[in-house]
Student: 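I have a structure I would like to understand better, so I am pasting it below and will then ask my questions one at a time.
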Protein chains: 2
Amino acid sequence: MPEPAVKLRDVARQAGVHPATASRALNPDTRLLVSEDTANRVLAAAAELGYQPDAVARSLRTRRSHTIGVLIPDLNNPLFPPIVRGLEDRLEADGYVALIGNTDGDDARERRVFEQMRARHVDGYVLATAHLRNPLLTEAIRAGVPVVLMNRIAADNSLPSVTVDNELGVRMAVSHLTSLGHRDIACIAGPQDVSTGLARYRGFRAGMAAAGLDVPAGRLAFARAFSIEEGHRCLRQILADGQPCTAVAAGNDMLAVGCYLALDEAGLSCPADMSVVGFNDMPFINMLRPPLTTLAFSHYQVGTEAARLLLERLNGSAGPAKVLYLTPELIIRGSTAPPATLTGRPAQGGAG
Amino acid sequence: MPEPAVKLRDVARQAGVHPATASRALNPDTRLLVSEDTANRVLAAAAELGYQPDAVARSLRTRRSHTIGVLIPDLNNPLFPPIVRGLEDRLEADGYVALIGNTDGDDARERRVFEQMRARHVDGYVLATAHLRNPLLTEAIRAGVPVVLMNRIAADNSLPSVTVDNELGVRMAVSHLTSLGHRDIACIAGPQDVSTGLARYRGFRAGMAAAGLDVPAGRLAFARAFSIEEGHRCLRQILADGQPCTAVAAGNDMLAVGCYLALDEAGLSCPADMSVVGFNDMPFINMLRPPLTTLAFSHYQVGTEAARLLLERLNGSAGPAKVLYLTPELIIRGSTAPPATLTGRPAQGGAG
DNA sequence: AGGCTCAGGGCAAACGATTGCATCAACGGT
DNA sequence: ACCGTTGATGCAATCGTTTGCCCTGAGCCT
């Protein structure tokens, strides 16, 4: 037998006032409109009855739901849960809750989820799925709903965003490889229609150019998704028909894991035959065989900062969009070592 | 400038009917109440204007939100995302969306999230966080909201649940170890106030008893959480003051990963010095050093089945609670091998 | 032809909270 | 003593949809 929920009306009756008065007493912003005495009576009644306001009714009337829509491209990627956690923690502090949607990188699904959220009156969106140009973005803007981008950013920096400095990161990775003595370095770039894929690829070219190294087409592959399978496929392709190489820079850690599979399959070992470097330092990546050299940043912080940016908008600040870049840190682990031509010598040579 | 959303009223005006009629025409269940001709006019108008019903208003009126609250103890555990995915996929097929909440195993936080969801009129809950006796459960039941448990189950099987056969799984693991020749087997049990922790510990004792083996206290440790840190702590404790052993059965994969850390720290190697077996076969666990022997089951299916059970309830079926047990499969990988006393001999001995 | 049924569709009342406006008492100033 | 002011509270409309009820007109039977 369902227990009847306690309503504002009940609190009002118990306190001997009109529901409107009770409403005002309960809302901190309007509490000063009622006498302190009445306010206390209402508060006491609410506490005693265990009153919880009906978020749905409130949302219908106020047009605010205190709910934020969060779109994640792939929740199975361990990179995202810590980000989501950061978001939730920060949002909760301001009384918002996150509605999380998984899109699988599928546009149709993304649209469905987006509409669902809209119908539920979300007050804002945090998107980790943004393509460089995304129809959803303009649509949300037009509807007047604040949007913040996470991890990926938009083509024109027109939206508040928080991301790691991808280009810098990959330049650091390339510089690490060249300082180990590598000269023939392959690249498995991520999808070029999202900012992370593009910026990291740019970073790769910039890093190679700075070192005076060439990037022949045979040492370059573009993944269609940031997935293990695509990493596997791309490195296999490079190994099959590309120029020989001694190291590979992968667009992210998932692609790097795919590289491990391709190396196993080809009977090559990492780092003896080929060094691998990833991006993201996602959870568990330090426990792989071998532990992956990669670029780290605080995932949790990406979430909290995105939440902060969104809350700023929700609270009315309307300045130009802030784009926040976190600085990545190179974490050197067992997957990178001097190339075989150096270690092949009797000496256990490090390179300068 | 925010675009005004199109409302039922607009559709009705465009079709030349009353909003009530439009509402009936739009709802498949009541469509037969209006003439086919009118229904078509309304449908056409709705399509033309791009009408999306306001979920909030509807939910206020109908007391149904088509939203399901999902409570997850730790989204950072890669076990859960595939489960959530299964849930979402199955729920979406029936027009429901999942509201996901992370509880961090924190009771207070769990309660807050639970209340939030209640205020948002969720139609049901799927809990992966259930303690063996949980005040939230009785509370939800009393409020008349259907609840399904996932992964963990309640003490008295009074609620629809889907879980893997934990006891059987660990018996299989123990039998695997004994057949390799292990006799001194340690156990790192999970928290005993959740069903998975308890059932797996029972399975361990049952398996050992069946093999006629003893379980001295010094080879037993109880983790306070299913975390890497706790696994680390527990194995370290056993190594420090326990009887010597050649294998350890961990309460889940996270605890097993913690064991890897403790072994590294003690200068022991797996599986040469100590075999390790986990539970769950969570993503990435097959890529560790060494790949972990563990018990597998379809995580995705746990999600879909839980959704199915909940949908049954939502659609009015009121029979006794079904408890669904999935059968685990032992996946033998590199973390288990015959004990050193056997492999120490020149022959590459297998054991019967 | 009159009365019945019945399909089709409009009216208005919900759902529970918020909020602009009206009311009303008390009070102070002149 | 009267009037304007102010502080506290009640009234009622509103958010967008659904749904019980009633009304209307057409068709049918005797």
Side-chain angles (χ1 to χ4, degrees), chain A residues 2 4-43 45-46 49-67 95 118-123 143, chain B residues 2-43 45-46 49-67 95 118-123:
Chain A
V6 30
K7 293 173 274 201
L8 183 60
R9 190 184 311 153
D10 305 318
V11 175
R13 188 173 334 119
Q14 165 116 345
V17 297
H18 192 273
T21 308
S23 170
R24 285 189 266 258
L26 258 11
N27 182 342
D29 294 340
T30 52
R31 185 162 309 153
L32 50 97
L33 291 177
V34 312
S35 76
E36 196 179 325
D37 181 49
T38 332
N40 288 338
R41 275 212 321 286
V42 171
L43 258 27
L49 298 177
Y51 171 68
Q52 284 291 126
D54 185 314
V56 172
R58 167 183 292 171
S59 161
L60 177 60
R61 172 65 220 236
T62 62
R63 321 295 309 161
R64 308 201 69 192
S65 61
H66 288 269
T67 301
R118 189 142 96 121
R120 280 178 170 69
H121 290 197
V122 297
D123 295 336
Chain B
E3 286 205 338
V6 29
K7 293 173 274 197
L8 183 60
R9 190 183 311 150
D10 305 319
V11 175
R13 186 171 337 116
Q14 166 116 345
V17 298
H18 192 272
T21 308
S23 170
R24 285 189 264 258
L26 257 12
N27 182 342
D29 294 340
T30 53
R31 184 164 308 153
L32 50 97
L33 292 177
V34 311
S35 75
E36 197 179 324
D37 181 48
T38 339
N40 289 337
R41 274 212 323 285
V42 172
L43 259 25
L49 297 178
Y51 171 69
Q52 285 291 125
D54 184 315
V56 171
R58 166 182 293 172
S59 161
L60 176 60
R61 172 67 222 233
T62 62
R63 321 293 308 159
R64 309 200 69 192
S65 61
H66 287 268
T67 302
R118 189 142 95 121
R120 280 177 171 70
H121 290 197
V122 297
D123 295 335

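Throughout, protein chains are lettered first and strands after them, A, B, ... in sequence-line order, and every chain is numbered starting at 1. The structure presented is a predicted model; accordingly, all values stated were derived computationally and were not measured.
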Student: On DNA chain C, nearest-nucleotide positions of B:Ala57 versus B:Ala39: which is more 5'?
Tutor: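 Looking at DNA chain C, the more 5' nearest nucleotide goes with B:Ala39.
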Student: Between A:Arg24 (side chain) and A:Arg31 (backbone), is there a donor-acceptor pair under 3.5 Å?
Tutor: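 No, A:Arg24 side chain to A:Arg31 backbone: no donor-acceptor pair under 3.5 Å.
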Student: Within this structure, what is the CG-to-P distance between B:Leu8 and D:dC15, rounded to whole angstrom?
Tutor: 14 Å
Student: With DNA chain D as reference, determine whether B:Gln52 or B:Arg24 sits nearer its 5' end, using the nearest nucleotide of each.
Tutor: B:Gln52
Student: Give the rounded distance in Å between these two atoms: NE2 of A:His18 and P of C:dA22.
Tutor: 16 Å
Student: Given atom NZ of A:Lys7 and atom C1' of C:dC15, what is their separation to the nearest angstrom?
Tutor: 9 Å
Student: Would you tell me if any nitrogen or oxygen in the side chain of B:Ser23 comes within less than 4.0 Å of OP1 or OP2 on D:dT17?
Tutor: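 Negative; the distance criterion is not met.
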Student: With a 4.0 Å cut-off on heavy atoms, is A:Val17 in touch with a base, just the backbone sugar-phosphate, or nothing at all?
Tutor: sugar-phosphate
Student: Answer whether the closest heavy-atom distance between the side chains of B:Leu26 and B:Leu8 falls below 4.5 Å.
Tutor: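 Yes, close enough: below the 4.5 Å cut-off.
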Student: Considering only side-chain heavy atoms of B:Ser35, which listed nucleotide, D:dG16, C:dT19, C:dG9, is closest?
Tutor: C:dG9
Student: Compare side-chain N and O positions of A:Tyr51 against OP1 and OP2 of C:dA17 and report whether any pair is under 4.0 Å apart.
Tutor: yes
Student: Specify the separation, in whole Å, of atom CZ of B:Arg61 and atom C1' of D:dT18.
Tutor: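 Going from B:Arg61 (CZ) to D:dT18 (C1'), I get 4 Å.
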Student: Would you find a donor on one side and an acceptor on the other, under 3.5 Å apart, between the side chain of A:Thr30 and the backbone of A:Leu33?
Tutor: no
Student: Assuming nearest nucleotide by heavy-atom distance, tell me which of A:Asp54 and B:Leu32 is located more 5' along DNA chain C.
Tutor: B:Leu32
Student: In whole angstrom, what separates A:Asp37's CG from D:dA8's P?
Tutor: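 It is 11 Å, rounded to the nearest whole Å.
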Student: Please check if the side chain of A:Asp10 supplies one atom and the backbone of A:Lys7 the other of a donor-acceptor pair under 3.5 Å.
Tutor: yes
Student: So, taking the atom named CD in B:Gln14 and the one named CZ in B:Arg41, what distance separates them when rounded to the nearest 0.5 Å?
Tutor: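 Atom-to-atom, B:Gln14:CD and B:Arg41:CZ are 11.0 Å apart.
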Student: I want to check one thing: is the phosphate of D:dG10, taken as OP1 and OP2, less than 4.0 Å away from some side-chain N or O of A:Thr21?
Tutor: yes
Student: Scan B:Ser59 against the nucleic acid and name what it touches under 4.0 Å (heavy atoms): base, sugar-phosphate only, or nothing.
Tutor: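 The residue B:Ser59 makes no contact with any strand.
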Student: Can you tell me if the side-chain N/O atoms of A:Thr38 get under 4.0 Å from OP1 or OP2 in D:dT9?
Tutor: yes
Student: Counting side-chain heavy atoms from C-beta on, which of C:dG16, C:dC11, D:dT18 comes nearest to B:Ala20?
Tutor: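 Nearest listed nucleotide: C:dC11.
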Student: Specify the separation, in whole Å, of atom CG of B:Leu60 and atom P of C:dT18.
Tutor: 12 Å
Student: For the pair made of CZ in B:Arg63 and C1' in D:dT17, what is the distance, rounded to whole Å?
Tutor: 13 Å
Student: How many Å lie between CZ on A:Arg31 and P on D:dA8, as a whole number?
Tutor: 14 Å
